[in-house]
Amino acid sequence: TAAANNVTQSAGAITLSAAGTALTVTNNVTISGVGPHAIGQGTNAGVQFRSSRIPNHHEVIGYQCDIGTMGKRRIWGALYDESRRKRFLVEGDAEQVSRVLKPTDWNEFVVRCEGKRVQIWLNGYQTVDFTEPDDTVARTGILGLQIHGGPPAEAWYKDIRIKELK
């Protein structure tokens with residue numbers, strides 16, 4: 001995850017060609033949107049949430065809803081713990097993800113955070129239902145749209161909605 005270098009908006013889509021933009025996210029929210037539609041050789045993007053900037057560094061620390069592939073492995077809708085545990089916490093069933101994924105079209109994601117619980121859906125299929133066991137992990141933070149470093153790529157996001165849960 002790198003600092004924002006090139007963020008553009010056109011035809012209702014947000015396009016990232018280096019990294020992200022950030023919004024503050026409260027404790028209990030649903031984040032929904034469509035994206036990304038990727039262009040280029042790079043195939044790894046994501047949505048950071050309940051995250052915070054690492055001082056004097058290009059990364060953030062927090063949860064990431066992964067989008068795309070890592071090598072030949074599909075990580076669409078997986079929950080990654082960026083710069084903290086540095087590993088996937090939960091991944092959806094690979095066969096089911098392959099069935100619902102639209103590799104050449106827009107995909108719809110829903111990320112729901114309620115207390116310790118994090119849930120993620122990809123095109124209506126629930127990929128993640130995770131309850132955080134560590135009480136010291138932040139329940140608030142920034143929302144960042146991410147594109148992974150590496151080969152040239154763009155990730156397009158659109159129709160992003162943030163809803164506070166009551």
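Just so it is clear, the values below take in all heavy atoms, side chains as well, and ignore hydrogens, waters and symmetry mates.
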Closest contact, heavy atoms only, Ala45 versus Ala155: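 The answer is CB-CB, 3.9 Å.
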Nearest non-hydrogen partners of Phe130 and Pro133, listed with the distance: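 Minimum heavy-atom contact is CZ-CD, 3.9 Å.
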Residues clustered with Ile75, ILVMFWY side-chain links under 4.5 angstrom: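 Under the 4.5 Å side-chain rule, Ile75 groups with Met70, Tyr80, Phe88.
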With distance as the sole test, does [X] use its side chain to make a donor-acceptor pair with the main-chain N or O of [Y] at under 3.5 Å?
X	Y	value
Gln48	Tyr63	yes
Gln146	Val47	no
Thr127	Ala78	no
Arg112	Gln119	no

So do [Y] and [X] actually touch side chain to side chain, heavy atoms under 4.5 Å?
X	Y	value
Ile120	Trp76	no
Ile54	Ser83	yes
Asp159	Arg161	yes
Thr69	Asn44	no
Glu132	Arg50	no

Residues in side chain to side chain donor-acceptor pair (under 3.5 Å) contact with [X], at least two apart in sequence or another chain:
X	result
Asp81	Arg84, Arg85
Thr136	Asp134
Asp135	Lys116

Atom pair CZ (Phe49) and SG (Cys113), whose distance is rounded to the nearest 0.5 Å: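 Nearest 0.5 Å value for the CZ-SG distance: 4.5 Å.
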Results of salt bridge (charged side-chain N to carboxylate O under 4.0 Å, His left out) for Arg87 - residues two or more places apart only: none
Test log, rule side-chain contact (heavy atoms from CB on, under 4.5 Å), inputs Asn123 and Trp106: CA-CA 10 Å; Asn123 296 325; Trp106 292 100; over 6 Å; no
Residue list, side chain to side chain contact (heavy atoms under 4.5 Å, CB included) with Gln96, at least two apart or on another chain: Asp93, Arg99, Val100, Tyr125
Would you say [X] and [Y] are hydrophobically clustered, going by side-chain heavy atoms of ILVMFWY under 4.5 Å?
X	Y	result
Ile61	Leu79	no
Val111	Val97	yes
Val118	Leu122	yes

Salt-bridge criterion met for Arg74 and Glu95 (N-O under 4.0 Å): no
